[in-house]
Amino acid sequence: MLLNMSENNCPFEERDRDRLPPIINHNLDRGPKLPFPSYGSFISTLNHKRESGSHSLSSPLLLPAVKQVRELPPICPDVRQKHRISIDVLPPEVKARFISEPIIPIRTKTGREFQEDLERATISGDWKQVHDFYLITFDSFLELNAAFKNPQYTSPATYVIYAHLLRQIAALAEADHHFLMHWFKKLPQKRFKQLVERLQLFITTRLFPAKPEELPPMAKCSWWIPSATKVLSLLNAANSISSPPIVPFSDFYNLTLDHIDFMEDYHTWQAHGNSNRFTFCQFPFILSTVVKKAIIQRDSEQQMISMARQTLVDKVSRRQRVDMSLLFLNIKVRRLQLVSDSLDELSRKRADLKKKLKVTFVGEAGLDMGGLTKEWFLLLIRQIFHTDYGMFTYVKESQCHWFSSWKCDNYSEFRLVGALMGLAVYNSITLDIRFPPCVYKKLLTPPIVPCDLDTPVGMATLTLEDLQQVMPDLAHGLGELLSYEGNVEEDFYTTFQVFQEELGVVKSYNLKPGGDKIPVTNLNRKEYVQLYVDFLLNKSIYRQFAAFYHGFHSVCASNALMLLRPEEVEILVCGSPNLDMCSLQRVVQYEGYSKTDPTIRAFWDVVLAFPSELQKKLLHFTTGSDRVPVGGMADLNFKISKIDVSTDWLPVSHTCFNQICLPPYKSKKELRQKLTIAISNAEGFGLE
C-alpha cells in the first residue's frame with residue numbers, strides 16, 4: 001500500500017488546504033515588504049486601496065473567496081511556520097523546455113484594403129504592394145471558390161470535375177494549406193459542417209457507388225479518395241485548433257470505412273509509413289473508434305499468437321508437456337490481499353499481458369466465463385481509487401481523480417493501475433474511472449514507448465484549460481492573474497517559486513533557475529502561469545505518471561496507438577457517456593420474462609421516461625459503470641431476469657454479468673418507486 005493516512009495521523013488538515021491562495025506564493029527575502037498570508041487579506045488590502053484611490057481599478061477583482069479555494073497539490077501560505085526544504089534543481093527528466101507555440105502566418109489585408117492598394121497603384125504606377133500580396137496568396141482562387149461554394153458538386157454526375165478541383169487544392173503549397181486552414185476556422189458552423197459532409201459523401205460514393213456505371217473505373221481514378229481525404233484533413237486541422245471545436249471530432253468519422261479491410265490498410269501503413277503510398281491510417285481522424293479498437297485488439301492478438309506459438313515450439317522441441325493454459329494470462333488472487341496479489345501476478349507475468357485474461361479467486365470454485373474477470377476489475381479499481389489508499393485524490397470541484405504528489409520509493413502500484421487500464425481495453429471491460437482529459441493526453445506523449453528508457457514520458461504540453469478540468473478554483477485564480485489590469489508585481493508580490501506540502505514538510509520549488517529571486521510582472525505572468533501549470537500537471541507527479549504510463553503501454557504497446565486521439569483513449573477505457581436507452585431496449589436479453597410481460601412493459605415505460613441522471617444510475621447499478629462500451633449498447637450484454645420473491649423486495653443486480661433482477665411488480669407506480677430507491681442507493685442492494 002502506497003499510503004494509508006487516517007484522520008488522526010494526517011499532518012495536513014483539510015482546513016489548511018481550504019485556505020490556500022491558488023496563485024499566491026511568497027518570498028521572504030525581497031526586502032521589508034511582508035507577503036499577504038491569504039487571499040482574504042490580499043483582497044481586503046486591494047479593496048482598501050481602491051477606496052482610498054491609491055489604485056485605479058477599472059473593475060472589481062474577481063478572485064475566489066478563501067473558503068472556496070481548494071487545489072492539488074496544496075500550496076501552503078504560512079510557510080514560515082513549517083519546516084521548509086528548498087529545492088532549486090528539479091530532476092533531469094522534468095527539466096524539458098516548453099514547446100513554443102507555432103507562428104501561424106496571417107493575411108492582414110481585407111478586401112477593402114486590397115481594393116485601395118489597387119486604386120493607389122493605378123494612380124502611382126507602383127505595383128509593389130499588390131505584387132507582394134499576390135506572392136503570398138493562393139495560386140488558384142477560382143478552383144477554391146468552385147470546390148467549396150458550388151452546390152452542384154453534391155451530385156455524382158459532377159464528381160469527375162469535383163475530383164480534379166480537390167486534386168488542385170491538395171497539391172497547393174504548405175503555406176497555402178496553412179492559410180486555407182485558418183480560413184476554414186472562420187466559417188460558420190453550418191457551412192463548415194456542409195463542407196465536411198460533402199467530402200465524406202464523395203469518399204463514400206467512390207468506395208461504394210450506388211450506380212457504378214456513373215463513375216469511372218477505380219483503376220483510372222485511384223487518386224480521387226487520397227485527394228478528398230487530404231482536403232478533409234485541412235478541415236480537421238481547422239477544427240482541432242478551434243477552441244471550442246467547430247464540430248465534434250466524431251463528425252469526421254467515415255463509418256463506411258468500418259466495412260473495408262482496415263487491417264490490410266493498417267499493415268500497409270506499418271510497412272510504408274507516411275510515404276506517397278496512400279492509406280487511411282495516415283489520416284486517422286477519418287477512422288471511427290470502433291475501427292481503432294479493432295486494430296489495437298487484432299494487433300495485440302497477433303503479437304500474442306506469435307508469442308504463444310514460440311512458447312509451444314520451445315515446449316515441443318524440449319519434449320515437454322504442452323499446457324493449454326499457456327495461451328491465457330491466468331491471475332490468481334486472494335480477496336483479502338487483492339492489490340498485493342494482483343501486483344505480484346502482473347509483475348511475474350509481464351510476458352503474458354497480451355494474452356486473454358482469466359481470473360481465479362483462491363478458495364472459490366468456478367470457471368471464469370467473464371464474470372470473475374469483471375469482478376476483479378471492479379473490486380480492484382474501487383480499492384485503489386479509495387481516498388484512504390492515498391494513490392489518488394478525488395477533487396470534488398471537477399469530480400475527477402488526480403495523482404497524489406506524495407513522494408515514495410516504490411511506484412509499482414501506479415504501474416499496476418496503468419496495466420489495468422491496458423488490460424481493460426484489450427479485454428473489452430469498461431472501467432468506472434474518472435480521470436480528467438489531460439491524463440489521456442499524457443498517455444499519448446509519446447504514443448510509442450521510447451527505446452531509450454531515460455527519455456521523459458507523459459510530459460504533454462498542457463494549458464490553463466487543462467488545469468481547469470482538474471483544479472477549477474486554482475485555474476480561475478491564475479486566469480485572474482493573467483487578466484489583472486493593475487500592477488501585478490506590486491499587488492501580487494509573487495515570484496517564480498511554488499510551495500508543496502508533502503507529509504508535513506513544505507518544499508519550495510523554483511519554476512525556473514533562480515525563480516525565488518524573479519518577481520512575476522505584467523510582462524512575464526504568461527510564462528509564470530505556463531510554468532505553474534506544467535509543474536502541477538507534469539513535473540510534480542512525474543514519477544507516479546511515468547510508472548502509470550509504462551504500465552498501460554506494457555499491455556497496449558502498438559503502433560495503432562498513434563491513430564488515437566486522447567478522447568478516444570478515454571472512450572476505450574471508460575466507454576462513451578452518450579446513452580441511448582431505446583437501443584438498449586432493442587438488444588436486451590430476458591431470463592424468466594418476455595418482452596410482452598406487464599412487468600417488462602412497465603420497466604421500459606419507466607426507464608425511458610427517466611431523466612438522464614437516473615438512466616445513468618440504472619446503468620451504473622446494473623453494470624458497474626454509467627458509460628457505454630465502444631461498440632454501443634449491444635456490447636453490454638444487458639440482461640433482465642425474473643426473481644421469484646415478494647414484491648416488497650427492491651430490484652437487485654449482478655454487475656459482473658450486467659444483470660438486473662426484478663420481482664414481478666403489480667403496477668408501474670410500484671416498479672418506479674422500488675427501482676428509483678434501488679438505483680439511487682446502489683451500495684448494499686445485492687451488487688455482486
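As a basis for the values below, the full set of heavy atoms in this structure was taken, side chains included, without hydrogen atoms, waters or symmetry mates.
- For Glu465, the CD atom is loosely surrounded, since the number of other residues' heavy atoms within 6.0 Å does not exceed 12.
- Put simply, the side chain of Trp269 does not reach to within 4.5 Å of the side chain of Phe280, judged on heavy atoms.
- In this structure, Trp604 places its CH2 atom where more than 12 heavy-atom neighbours from other residues, nucleotides or ligands lie under 6.0 Å away.
- Heavy-atom minimum distance, Ala560 versus Ile295: CB-CG2, 3.7 Å.
- Residue Lys354 holds its NZ atom at 10.0 Å from CG of Leu423, rounded to the nearest 0.5 Å.
- Looking only at side-chain heavy atoms (C-beta outward), Ile241 and His182 come within less than 4.5 Å of each other.
- Side chains of Phe249 and Asn236 form no contact here, defined as non-hydrogen atoms less than 4.5 Å apart.
- Each of Lys374, Lys639, Gln589 was compared with Asn658 under the side-chain hydrogen bond (donor to acceptor under 3.5 Å, both in side chains) criterion, and only Lys374 meets it.
- Residues Ile640 and Val588 meet the side-chain proximity criterion, which asks for heavy atoms closer than 4.5 Å.
- Considering CD of Gln469 and OG of Ser398, their distance stands at 9.0 Å, rounded to 0.5 Å.
- Here the options are Phe545, Phe435, Trp402, the test is ring pair (Phe, Tyr, Trp, His ring centres under 6.0 Å), and the partner is Phe392; only Phe435 passes.
- Salt bridge present: Asp251 and Lys193 bring a charged side-chain N and a carboxylate O closer than 4.0 Å.
- Salt-bridge formation is detected for the pair Lys292/Glu568: a Lys NZ or Arg NE/NH1/NH2 atom is positioned less than 4.0 Å from an Asp or Glu carboxylate oxygen.
- In this structure, Gln468 contributes its side chain and Leu464 its backbone to no donor-acceptor pair below 3.5 Å.
- Of the candidates Lys668, Arg601, Gln673, Lys668 is the only one forming a side chain to side chain contact (heavy atoms under 4.5 Å, CB included) with Val606.
- Listed here is the closest heavy atom pair of Ser558 and Ile448: O-CD1, 3.1 Å.
- Salt-bridge annotation for Glu567 and Arg565: present, with a side-chain N of the basic residue lying under 4.0 Å from a carboxylate O of the acidic one.
- Between Asn578 and Val628 the shortest heavy-atom distance is O-CG2, 3.6 Å.
- Relative to the six-membered ring of Phe548, Arg415 misses at least one condition, a distance below 6.0 Å or an angle of at most 45° to the axis.
- Inter-residue side-chain proximity for Gln189 and Phe192 is flagged as unmet; no heavy-atom pair is nearer than 4.5 Å.
- Exactly one of Thr676, Thr647, Asp605, Thr599 qualifies for a side chain to side chain contact (heavy atoms under 4.5 Å, CB included) with Leu671. That residue is Thr599.
- In this structure, Lys355 is not positioned above the aromatic face of Phe328 in the sense of NZ or CZ being under 6.0 Å from the six-membered ring centre and within 45° of the axis.
- A cation-pi contact, defined as under 6.0 Å to the ring centre and within 45° of the axis, is absent between Arg434 and Tyr394.
- Electrostatic pairing of Glu375 and Arg335 counts as a salt bridge here, judged by a charged N lying under 4.0 Å from a carboxylate O.
- Side-chain contact check for Leu195 versus Phe184: some heavy-atom pair is nearer than 4.5 Å.
- Using a 4.5 Å cut-off on side-chain heavy atoms (C-beta onward), Phe361 and Val359 make contact.
- Here the side chains of His401 and Thr393 are not in contact, with every heavy-atom distance at 4.5 Å or above.
- For Lys293, the NZ atom counts as densely surrounded, since its 6.0 Å shell holds more than 12 non-hydrogen atoms of other residues, nucleotides or ligands.
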